[in-house]
Amino acid sequence: VLLIEDTCESLGSVYKDKKTGNFGLISTFSLYFGHHLSTIEGGMVCTDDDEIADLLRSIRSHGWDRDLSDAKKDELRSKYGIDSFRALYNFYYPGFNVRATDLQAFIGLGQLQKADGVVAARRKNLQLYSEHIRNDHWKIQELDDTLVSNFCYPIISPKLPQLVGALHENGIETRPLVCGSITRHPFWYERYGHQSLPFADEVHDFGLYLPNNHEMTESEIEFVCSVVNKAIYD
């Protein structure tokens with residue numbers, strides 16, 4: 001099994017003394033502005049496989065060899081009989097133009113310096129939510145040997161419409177719990193048909209996210225919790 005690890009919303013989480021992003025052949029991280037670290041848009045891919053790394057460098061930049069090492073350039077040019085003139089616009093892979101700008105790279109390197117503090121603050125917020133939220137239907141459970149670096153606090157409740165309404169009325173932003181069931185989205189069922197996935201359907205029908213940001217205060221979190229508890233139990 002080749003594991004591609006989606007670490008989008010769990011940067012800094014730990015399982016059995018190993019941080020998420022270190023389990024797969026490839027791990028991906030989002031640097032969208034709402035996530036743990038941000039370059040405003042974009043993301044990053046991590047791997048310790050040199051061949052995969054070279055492939056990714058090429059694919060992110062049209063599929064040519066400009067970002068590769070001299071040794072890798074020579075290998076590809078020799079394999080396909082490409083001279084230095086043709087190499088300027090020779091495409092070895094079907095690629096994209098998804099290179100970060102210098103500004104985004106500068107912002108991202110600065111964000112890395114405060115990653116531990118961001119993770120610690122989000123972790124503290126998670127514990128506050130877990131302490132104050134009342135939801136008998138479902139509540140997040142942490143496994144042994146884990147540390148959850150929380151993105152947003154998840155709620156699963158049949159009272160979803162009431163929750164969404166109450167949160168909006170109180171100026172609290174919310175969103176679905178990721179995408180719910182991927183099989184419930186048009187791009188999927190128009191190609192592969194409808195499928196029943198009970199656990200994913202539960203998340204799809206009843207799941208939402210509460211805000212978590214490393215700059216949120218304890219009083220703000222307590223206010224969000226009071227709105228949620230009232231909506232569920234009133």
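Note that the structure is predicted; figures quoted are calculated from it, not measured.
What you find for N212 and C152 is that their closest heavy atoms are CB-CA, 4.0 Å. Smallest separation of non-hydrogen atoms from H36 and N150: NE2-O, 3.4 Å.
Look at E142 and R123 and you find a salt bridge, because one of the NZ, NE, NH1 or NH2 atoms lies within 4.0 Å of a carboxylate O, short of that distance. Ion pairing between R86 and D83 fails under the 4.0 Å rule for side-chain N and carboxylate O. Between K72 and D65 there is no salt bridge, since no side-chain nitrogen of the basic residue lies less than 4.0 Å from a carboxylate oxygen of the acidic one.
With hydrophobic clusters built from ILVMFWY side chains whose heavy atoms lie under 4.5 angstrom apart, F199 does not share a cluster with I156. Cluster annotation: V119 is connected to L112 through the hydrophobic network of ILVMFWY side chains, with a link wherever side-chain heavy atoms come within less than 4.5 Å. Cluster membership for L37 and L126, using ILVMFWY side-chain heavy atoms within less than 4.5 angstrom, is not shared.
Geometrically, R134 engages Y233 in a cation-pi contact defined by less than 6.0 Å to the ring centre and at most 45° from the axis.
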>> Under the criterion side-chain contact (heavy atoms from CB on, under 4.5 Å), I'd like the reasoning laid out for R57 against L68: C-alpha separation, chi angles, the key distance, then a yes or no.
In response: CA-CA 7 Å; R57 289 189 184 99; L68 304 183; 3.9 Å; yes

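The line from OG of S157 to CD of Q162 is 7.5 Å long, rounded to the nearest 0.5 Å. Note that CD1 of I221 is 3.5 Å distant from CG of N125, once rounded to the nearest 0.5 Å. Atom-to-atom distance recorded for H185:NE2 and R191:CZ is 13.5 Å, nearest 0.5 angstrom. In this structure, T101 OG1 and I40 CD1 are separated by 8.0 Å, a value rounded to the nearest 0.5 Å.
Of the possible donor and acceptor atoms, one in the side chain of E5 sits under 3.5 Å from a partner among the backbone N and O of G24. Between the side chain of E190 and the backbone N or O of F187 there is no donor-acceptor pair closer than 3.5 Å.
The aromatic ring centres of Y153 and Y209 sit 6.0 Å or more apart. Residues F151 and H35 place their aromatic rings such that the two centres sit under 6.0 Å apart. In this structure, W64 has its ring center no closer than 6.0 Å to that of Y92.
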